[in-house]
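Down below is the structure, laid out as structure tokens.
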Amino acid sequence: MIKTALTVVTATSFALLPLTASPLEAGAELISSNEQAFSPSEKELLQQEFEKYNVDKETQELLFQKLDEGVPWDSLAGTEEPIDSLVYTDNGHEITLETYPDGSIIATEVELPAHELEAGEVAPLDWGCTYTSAGSANGGYWTGCNVTVNRLVLQMGFHLDYENVAGSSPKITNTYNYHHYCIGCSLTNHRLEQLSPTQVRYSADYAFAFEGFPLGWTNWMQANLNGSVITTTNN
């Protein structure tokens, strides 16, 4: 993860907002800017993200060229479906890697419990995602688990606690510490919203400093609890 580009903010839930369209469906005014290229430091950060997910050099250059020409990647435009999906585990996270026709990707990461606690035991802060059993066949409690959606130029995520205990419905009990970075773009007006007992959405207003990208688009990623399994969705 790129530590130098990560901003962490603590947030609470806000009022619900309607679903939003993808950038090219939004019909927003387009940015008109002569600033077409990444700065050297921004390009270096983005290259590190490409390499993290094994995007080859030829594809990297094609994707840089698209942004410099004001053409959104397929993974950003919302007009193409992924052509490949790979699920694997790395460094304590379940990662779903979706590849789009132009080689751009969206990587979803859901943190897995690293430790199982005894009932009443309190985990040190540096333990991250933990699990506490509610007893045999009674389910349990998950605490401090991180979820992220990474579009390479843009990453958004947050931490959550949730439970699935016999005798009650599964629910997300707490959300906090939303975090983000944006390379060659800006994010404002951050919202962390509880949509239902099993759905939490993190939204922010988003704009790129390149021609061809819409102003005033809202980007969101969402955690969904199904039983004891967390999945994500995004626009």
Side-chain angles (χ1 to χ4, degrees), residues 1-8 22-24 31 33-112 146-158 178-187 190 202 204-214 217-223 231-235:
M1 199 66 64
I2 302 178
K3 299 298 183 183
T4 57
L6 183 67
T7 302
V8 177
S22 64
L24 297 188
I31 295 172
S33 170
N34 293 324
E35 195 67 34
Q36 293 290 301
F38 287 102
S39 69
S41 60
E42 288 173 335
K43 187 169 184 178
E44 182 179 355
L45 289 174
L46 188 48
Q47 285 173 329
Q48 290 179 40
E49 287 295 280
F50 280 133
E51 290 165 7
K52 176 181 176 180
Y53 296 108
N54 298 314
V55 178
D56 64 75
K57 295 292 187 182
E58 182 179 357
T59 301
Q60 290 183 34
E61 290 306 315
L62 290 173
L63 293 174
F64 275 120
Q65 182 179 348
K66 287 188 74 170
L67 291 187
D68 286 346
E69 293 174 354
V71 180
W73 295 346
D74 292 344
S75 59
L76 295 169
T79 56
E80 299 286 344
E81 294 294 325
I83 58 173
D84 188 40
S85 180
L86 175 66
V87 180
Y88 61 99
T89 301
D90 182 53
N91 194 29
H93 290 74
E94 182 177 89
I95 300 173
T96 302
L97 187 64
E98 295 182 325
T99 303
Y100 287 77
D102 63 355
S104 58
I105 64 171
I106 296 179
T108 295
E109 300 191 12
V110 177
E111 187 177 9
L112 303 172
N146 186 42
V147 293
T148 64
V149 172
N150 189 355
R151 300 171 182 264
L152 301 196
V153 289
L154 167 66
Q155 183 186 107
M156 296 173 65
F158 58 92
Y178 66 70
H179 52 85
H180 57 87
Y181 72 74
C182 206
I183 302 174
C185 52
S186 65
L187 287 171
H190 300 269
Y202 172 26
D205 298 337
Y206 151 93
F208 266 97
F210 300 97
E211 289 188 25
F213 285 84
W217 179 51
T218 295
N219 187 72
W220 59 263
M221 57 81 61
Q222 182 173 308
T231 60
T232 67
T233 47
N234 59 270
N235 67 338

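L187 CG to T218 OG1: the interatomic distance, rounded to the nearest 0.5 Å, is 10.5 Å. Of the inter-residue distances, the one linking E80 atom CD with W73 atom CH2 reads 15.5 Å to the nearest 0.5 angstrom. Distance CD/E51 to NZ/K57: 4.0 Å, rounded to 0.5 Å. With rounding to the nearest 0.5 angstrom, the CG atom of L76 is 8.5 Å from the CG atom of L152. One finds the CZ atom of F158 at 8.0 Å from the CD atom of Q222 (value rounded to the nearest 0.5 Å). The OG1 atom of T233 sits 4.5 Å away from the CH2 atom of W220 when rounded to the nearest 0.5 Å.
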Tabulate below the donor-acceptor pairs under 3.5 Å that side-chain atoms of residues 86-99 make, not counting sequence neighbours, or state none.
from : atom 1 : to  : atom 2 : distance (Å)
H93  : ND1    : N91 : O      : 3.0

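Of all heavy-atom pairs between C182 and S186, the closest is SG-N, 3.7 Å.
The side chain to side chain donor-acceptor pair (under 3.5 Å) search around T59 returns D56, not counting sequence neighbours. For S75, the side chain to side chain donor-acceptor pair (under 3.5 Å) partners two or more places apart in sequence, or in a different chain, are S104. Residues satisfying the side chain to side chain contact (heavy atoms under 4.5 Å, CB included) test with E81, not counting sequence neighbours, are none. Scanning for side chain to side chain donor-acceptor pair (under 3.5 Å) contacts around Q65 gives E69, with sequence neighbours left out. Contacts of S41 classified as side chain to side chain contact (heavy atoms under 4.5 Å, CB included), with partners at least two apart in sequence or in another chain: S39. Evaluation of the side chain to side chain contact (heavy atoms under 4.5 Å, CB included) rule for N234 yields I106, V149, R151, M221 as partners, not counting sequence neighbours. For S85, the side chain to side chain donor-acceptor pair (under 3.5 Å) test picks out no residue, with sequence neighbours left out. With sequence neighbours left out, the ring pair (Phe, Tyr, Trp, His ring centres under 6.0 Å) criterion links Y202 to Y178, H190.
Counting only distance, with no hydrogens or angles, the side chain of Q60 and the backbone of V55 share a donor-acceptor pair below 3.5 Å.
Between E49 and Y181 there is a side-chain heavy-atom pair separated by less than 4.5 Å. Between L62 and D102, every side-chain heavy-atom pair lies at or beyond the 4.5 Å cut-off.
Ion pairing of K66 with D74 is present here, as a side-chain N (NZ or NE/NH1/NH2) and a carboxylate O approach within less than 4.0 Å.
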Residue pair L63, L46: steps toward the side-chain contact (heavy atoms from CB on, under 4.5 Å) verdict: CA-CA 11 Å; L63 293 174; L46 188 48; over 6 Å; no
